[in-house]
Amino acid sequence: MAQTREWSYDGTELAWLQQQLSRPKAGAGHAVSELVPDGFDAYVRIFHRFEATDGSGRTRTWQARLDGTAIPFHAELSHLSLPGEERTPGEPLWQTEEGALDDRSRHALARCLADVSGDEAVYYAYDLAALVWGEPAPVVRRSTLAELETVRDEVADTVGASGPEFWWPHDRSWVVTSDYDLLSTYVGCSAQTAQLLLDDAELETLPITPQTRVDWYADRPQPV
């Protein structure tokens, strides 16, 4: 018989963040407010780059996928709305990962945030990943932005290679969320920090709001 596991944030560093997430009062789908707390001056969506499966390290942006189409690049764009790719023989597949920023974007994001927070302590949390991997509680590590990759390596055998799902500094001046099931990362922060992210050439970003939809059908008809 299947067992029901109780999942509690009480006594964990994630408790404050989970308490500030909110479901939209009306409307279909899911929104940024379910991923990042309200109250920040600005919010940014970071689109996970598509990576070539041939090991070359090549990446493609969502905007590149839209080139030559009439599909606009917008804040609620779903990967399901991207056009299919015509591959010639020998061409690799282009894939992006749920719940994990690609290496190029993750390094750029950490660099931008380091300009804001320096060597301040940062919390890295794994929530749904910990549940899926059978952990008894969320997995949280306290380190610095400079040690992000070290943290990822240390927990890979415990919660997998995705994430972190949530990161935030000790002063809670920003929050990064890479939801386990989504192909974009969402950030709540100051207007100044948001501008750093929006201006960085290594990141594919758009400004958003807490009401922006994030689900797979954000810009498509809901399946019946």
Side-chain angles (χ1 to χ4, degrees), residues 2-25 29-46 48 97-101 105-107 109-110 112-114 116-190 193-194 197 208 210-212 214-215:
Q3 292 183 332
T4 300
R5 292 183 54 199
E6 295 294 332
W7 194 250
S8 174
Y9 300 102
D10 293 345
T12 73
E13 291 88 347
L14 259 177
W16 76 272
L17 192 152
Q18 290 293 331
Q19 290 167 1
Q20 296 188 49
L21 301 182
S22 61
R23 184 84 169 86
K25 294 181 180 179
H30 298 278
V32 172
S33 62
E34 298 175 65
L35 305 177
V36 183
D38 288 335
F40 288 104
D41 292 336
Y43 295 80
V44 176
R45 176 180 177 179
I46 302 174
H48 299 177
E97 188 175 351
E98 297 171 7
L101 269 169
S105 299
R106 189 176 63 255
H107 296 159
L109 176 57
C112 288
L113 295 176
V116 176
S117 297
D119 59 359
E120 181 179 350
V122 172
Y123 294 90
Y124 298 104
Y126 294 79
D127 185 11
L128 183 56
L131 179 63
V132 169
W133 280 65
E135 291 300 303
V139 172
V140 183
R141 295 290 185 269
R142 184 177 185 269
S143 190
T144 64
L145 285 165
E147 296 298 318
L148 168 58
E149 299 307 315
T150 299
V151 171
R152 283 170 47 84
D153 290 342
E154 289 176 350
V155 302
D157 290 340
T158 302
V159 292
S162 66
E165 289 172 71
F166 300 97
W167 358 333
W168 69 92
H170 183 71
D171 66 4
R172 302 178 182 175
S173 58
W174 47 263
V175 169
V176 174
T177 301
S178 297
D179 186 87
Y180 194 73
D181 294 319
L182 299 180
L183 299 174
S184 288
T185 288
Y186 298 86
V187 184
C189 54
S190 69
T193 300
L197 304 182
I208 53 174
Q211 291 74 46
T212 300
V214 301
D215 55 280

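When reading the values below, keep in mind they use all heavy atoms of this one structure, side chains included, and skip hydrogens, waters and symmetry mates.
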### Results of side chain to side chain donor-acceptor pair (under 3.5 Å) for T185 - residues two or more places apart only
H48, S178
### Message
Suppose we screen for side chain to side chain donor-acceptor pair (under 3.5 Å). Which residues come up paired with T12, at least two apart in sequence or across chains?
### Response
none
### Query
Will you find, in the side chains of D179 and Y186, an N or O donor that is under 3.5 Å from an N or O acceptor?
no
### Query
Tell me, which pairs form a side chain to side chain donor-acceptor pair (under 3.5 Å) where one or both residues lie in residues 164-173, sequence neighbours left out?
D171-S173
Measuring from atom [atom1] of [X] to atom [atom2] of [Y], what distance do you get when rounded to the nearest 0.5 angstrom?
X: L14; Y: Q19; atom1: CG; atom2: CD; value: 10.5 Å
X: Q20; Y: F40; atom1: CD; atom2: CZ; value: 7.5 Å
X: D119; Y: L145; atom1: CG; atom2: CG; value: 9.5 Å
X: C189; Y: Y43; atom1: SG; atom2: OH; value: 9.0 Å
X: T177; Y: I46; atom1: OG1; atom2: CD1; value: 10.5 Å

Where [X] and [Y] come nearest, the two heavy atoms and their spacing:
X: V44; Y: A194; answer: CG2-CB, 3.7 Å
X: D38; Y: P210; answer: OD1-CB, 3.5 Å
X: P37; Y: L21; answer: N-CD2, 3.6 Å
X: A130; Y: V159; answer: CA-CG1, 3.8 Å
X: W16; Y: V175; answer: CH2-CG2, 3.8 Å
X: L182; Y: V214; answer: CD2-O, 3.5 Å

### Query
Between L101, V122, L148, which is the residue that forms a side-chain contact (heavy atoms from CB on, under 4.5 Å) with P164?
L148
### Message
Let's go through S162 and Y180 carefully: what are the C-alpha distance in whole Å and the side-chain angles of both, what is the deciding distance for side-chain contact (heavy atoms from CB on, under 4.5 Å) to 0.1 Å, and is it a yes or a no?
### Response
CA-CA 8 Å; S162 66; Y180 194 73; 3.7 Å; yes
### Message
Using side chain to side chain donor-acceptor pair (under 3.5 Å), reason through D127 and Y9 one step at a time and then give a plain yes or no.
### Response
CA-CA 9 Å; D127 185 11; Y9 300 102; 2.7 Å; yes
### Message
As a quick check of understanding, evaluate side-chain contact (heavy atoms from CB on, under 4.5 Å) for T193 and L113, giving each step before the final call.
### Response
CA-CA 8 Å; T193 300; L113 295 176; 4.0 Å; yes
Between [X] (side chain) and [Y] (backbone), is there a donor-acceptor pair under 3.5 Å?
X: Y124; Y: T144; answer: yes
X: S184; Y: R45; answer: no
X: D215; Y: H30; answer: yes
X: S117; Y: E120; answer: no

### Task
Under the salt bridge (Lys or Arg N to Asp or Glu O under 4.0 Å) rule, collect the residues that match up with E149, sequence neighbours excluded.
R106, R152
### Query
Among all residues two or more places apart in sequence or in another chain, which pass the salt bridge (Lys or Arg N to Asp or Glu O under 4.0 Å) test with E34?
R23
### Task
Side-chain contact test, heavy atoms from C-beta onward, threshold under 4.5 Å: evaluate it for V36 versus V187 and give yes or no.
no
### Query
R141: what forms a side-chain contact (heavy atoms from CB on, under 4.5 Å) with it, not counting sequence neighbours?
V139, V151, V155
